[in-house]
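Taking it in order: structure first as structure tokens, then the write-up.
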Amino acid sequence: MQINDKYSPQEIESKWYEYWIEQDYFHSTPDHREAYTVVIPPPNVTGMLHMGHMLNNTIQDVLVRRARMLGKNACWVPGTDHASIATEAKVVAKLKAEGIDKSTLTREEFLKHAWEWKDKHGGIILNQLRKLGASCDWERTAFTMDDDLSSSVIKVFIDLHKKGKIYRGVRMVNWDPSAKTALSDEEVIYKESQGKLYYLKYMIEGSDKYIVVATTRPETILGDTALCVNPNDERYADMDGKRVIVPLINRSIPIIKDDYVDIEFGTGALKVTPAHDVNDYMLGEKYNLEVIDIFNDNGTINDKVGMYEGLDRFVLRDQIEKDLATANLLEKVEPYTNKVGCSERTGAPIEPKLSMQWFLQMEELAKPALTAVMDDVVKLVPAKFKNTYKHWMENVKDWCISRQLWWGQQIPAYYLPKGGYVVAETEEEALELAKQKSGDSNLTISDLRRDEDVLDTWFSSWLWPISVFNGINEPENSDIQYYYPTNDLVTAPDILFFWVARMIVAGYEYRGEKPFSNVYFTGIVRDKQRRKMSKQLGNSPDPIDLIAEYGADGVRVAMMLCSSAGSDLMFEDSLCEQGRNFSNKVWNAYRLVNGWSVDTTIEQPESSKIAIEWFNALLNKTIAEVDDNFKDYRISEALMTLYKLFWDEFSGWYLEMIKPAYQAPIDSKTLAQTKEIFEKLMSLLHPFMPFITEELWQDISPREKGESIMVSLQPVTSEFNQELLQEFDIVKDVVTSIRNIRKEKNLPNKETLELKVIPDSNYNDTYNAVITKMANITSIESVTDKDITAAAFIVKTTEYFIPLGDKIDVESELKKLNEELVYLEGFLRSVMGKLNNERFVQNAPAKVLDTENAKKDDSEAKIKAIKERISQLS
RNA sequence: GGGAGUAUAGCUCAGCUGGUUCAGAGCAUCUGCCUUACAAGCAGAGGGUCCUUGGUUCGAAUCCAUGUACUCCCACCA
């Protein structure tokens, strides 16, 4: 497309992405430069791109592209996570839709289906990232179940087991009856749920009296093995040694006393079900109670009790309520709101369940990881997350790492026929170990039974920054040596514990070093009503549609403008308009510059010289600001700074200053310098808007094949003339004042005006050329007396006049002057109030005193000038 | 139940260690303009008790305390 056409992002974006790929700019290999490494938070293999990814990956791309343009060897490793529960659930559902039940398949058959699924859907999200312009090193694309990564996981498991950090045991775990697997504590989310509180009658054995017990889960009476009251509860003082009968079940259970029970709650009596409640389990251990597990893995009732067998737990709850009522054992039912733990992945209510699982001891491992964050060796941005992190790490619990699933890394534990197990990387090693352990040299592989479980997904992703560089299998390889530790991690705060904390732990355990230097937490993308964007609510736009409508550059700019670290962002489609409008502005500014014809015989006008000098100073100042913003990860501010620089300063002021008259040519020097400036502006904007900046950069001057803005260097800041910038603010004020007068007096811009000035210390005629050009002034004449027939204005302390003959309205002029006078006098009074206050003069630092004195002088001078003009006019 | 955070213009937010970057920005709104790069634009304008109440200070949006309102995290209350 031609540059003088309208801006149309669709036409340029795919072209440049292909070019970048073809030129292999994204790929990084170790060299002499400083490495800058980012590993992507691997999205779920079956995921689709949503607004959260959009935000997250835009930030990463901005950081990576900028680092690359700062001369670093930037490497952004992309990849996906196998997400064992989520993916397995999807595959199971898909098979079910085809009429295949998972239980009829062998492990191998199921995994075949799962891999097919992965191959079919696994690449979608990464392809979507390309549309966004993500400059990932695609040749390094990793998947958490790639051979290298899987063997890393297994090695680490074996190593931790060898170190005695991994143990196997029966514990109360969070059971997901839908996925039929254990979950870690972090995978349980608590939701408010409107339920009921049931008051059940437990008859006292050998008596017609009863004790009422309040419970939210009456179905668990099947597993009741005691009734517990507080020893200090007088209502139950005479219950020592007595027993009660479990309603409906007619089992006799003891009454025990423990101060765990809250006297205030319900009736002060607690039913104890050690198999199905964590607290009850602890009571059970303490008082040596029988444990009756009443559920099957899928949440239906088993045959242990011999009643209600096969019923689902929630069906049973209603059934029990009816049966209790019929038997007159239900005193009452109250509405009750409580928190119910649900599976993060499947949403199913969690069932606390006793089962044999594998655990990782975290306490010791967590120590270096805690110190690292507290000492800012790993810096969290924003820092408020340090508190949360500290609290979690100091109270870290053992990590349940086994899952009763097939999709994932299978635990490398092999059970011996006569009890005991060995842990080994291969079957052959396992056999050797087994022979040693059992003393039976005739053992064969088929005698060993491998543990069925797989490892928690996070047990593979916690190695991500190491395993993508194969740093577990080959700890000395050149990639890991060069790229590790990585620099920035960009992620959402909801996986701080799942992932970030554990990566830091693994980093210290397996590399003896932090995995990254900075963690940038993005906010959560919400809609206008502050609701989290989600598929179910249907309030999330499809990012691909947005890109199609506004262009990737436009969407990127929109996201970056409204996102500061750690705070949520309220997104709506219309925000993209701002991004697209800005792209359009950039495009059109280039069209203007590009459309000028050059005349090498004309001299460079004075106004252009000044404009270039001024803009270069401003550019330097802005680059320094942007550098600072990036240093503090204030990315949206960096962009806003550049946005204003380009729109207001460059387009609004600079281009207007150097713009030749209609169809007139421009001098070659100004054009060349302007193109240079334009190029720098493109470089500065490139990390945010990669496509349009490449397109224009390529067009500015002929480029060789193989050149690209993305591998060019960022402009660097240098000394700039601070005074020039301040003086220019005065120039702008003068121009604006003249524009205001034009507006008031209805004078069209085309009509030329004369300007008179009474020079004083704040006046500098260097800039007259600029003023005349910008405000369409014919001449600026220095005078000594006020022109009372002219429209007047004061900038700083300098008085200006525009002779308008009879066009000025003395009445309204006086009114305005008086208003201004009142304001200035009030202002002066407050300044004088400070200066006359002895304590202020004594305590305030010299700098503050100076400014106050300057304020005083300026306003006094202004007041004097206004008073004079008032007296002349009236 | 414990902990943390936030409250500034209609909206989204800046405002670092109290003082000319102190009341700001962008968007939105309003008023003029189809001015020869751009109406996805240009030129202007309006808009805030800096959540309440106290305190510290010569001086508070900024520091301290109290209250209020939201948000998030953690926790085994049946």
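Note on naming: letters A, B, ... go to the chains in the order of the sequence lines (proteins, then strands), and numbering restarts at 1 for each one.
Considering only side-chain N and O atoms, A/Asn581 lies nowhere under 4.0 angstrom from the phosphate OP1 or OP2 of B/C38. Between A/Trp647 and B/C42 there is a side-chain polar atom (N or O) within less than 4.0 angstrom of OP1 or OP2. Between B/A25 and A/Lys644, no contact under 4.0 Å exists linking OP1 or OP2 to a side-chain N or O.
Going from the P atom of B/U52 to that of B/A69 covers 15 Å, rounded to whole Å.
For A/Gln578 and B/A40, the CD to P distance is 15 Å, given to the nearest whole Å. Protein atom NZ of A/Lys847 is 6 Å distant from nucleotide atom P of B/U21, rounded to whole Å. Across the protein-nucleic acid pair, A/Glu744 atom CD and B/U31 atom C1' stand 14 Å apart, rounded to whole Å. Spacing between atom CZ of A/Arg580 and atom C1' of B/C27 amounts to 14 Å, rounded to whole angstrom units. One can place CD of A/Gln663 at 14 Å from C1' of B/A37, the figure rounded to the nearest angstrom.
Between A/Asp648 and A/Gly268, the one whose closest nucleotide on RNA chain B sits nearer the 5' end is A/Asp648. Summary of the strand contacts: A/Thr736 and A/Arg217 both lie near RNA chain B, and taking for each the nucleotide with the nearest heavy atom, the more 5' one is attributed to A/Thr736.
A/Lys271 contributes no side-chain N or O that forms a donor-acceptor pair with the base of B/A78 under 3.5 Å. One can find a donor-acceptor pair under 3.5 Å joining the base of B/C76 and the side-chain atoms of A/Asn279.
By the 4.5 Å heavy-atom criterion applied to side chains, A/Leu289 and A/Ile256 are counted as neighbours.
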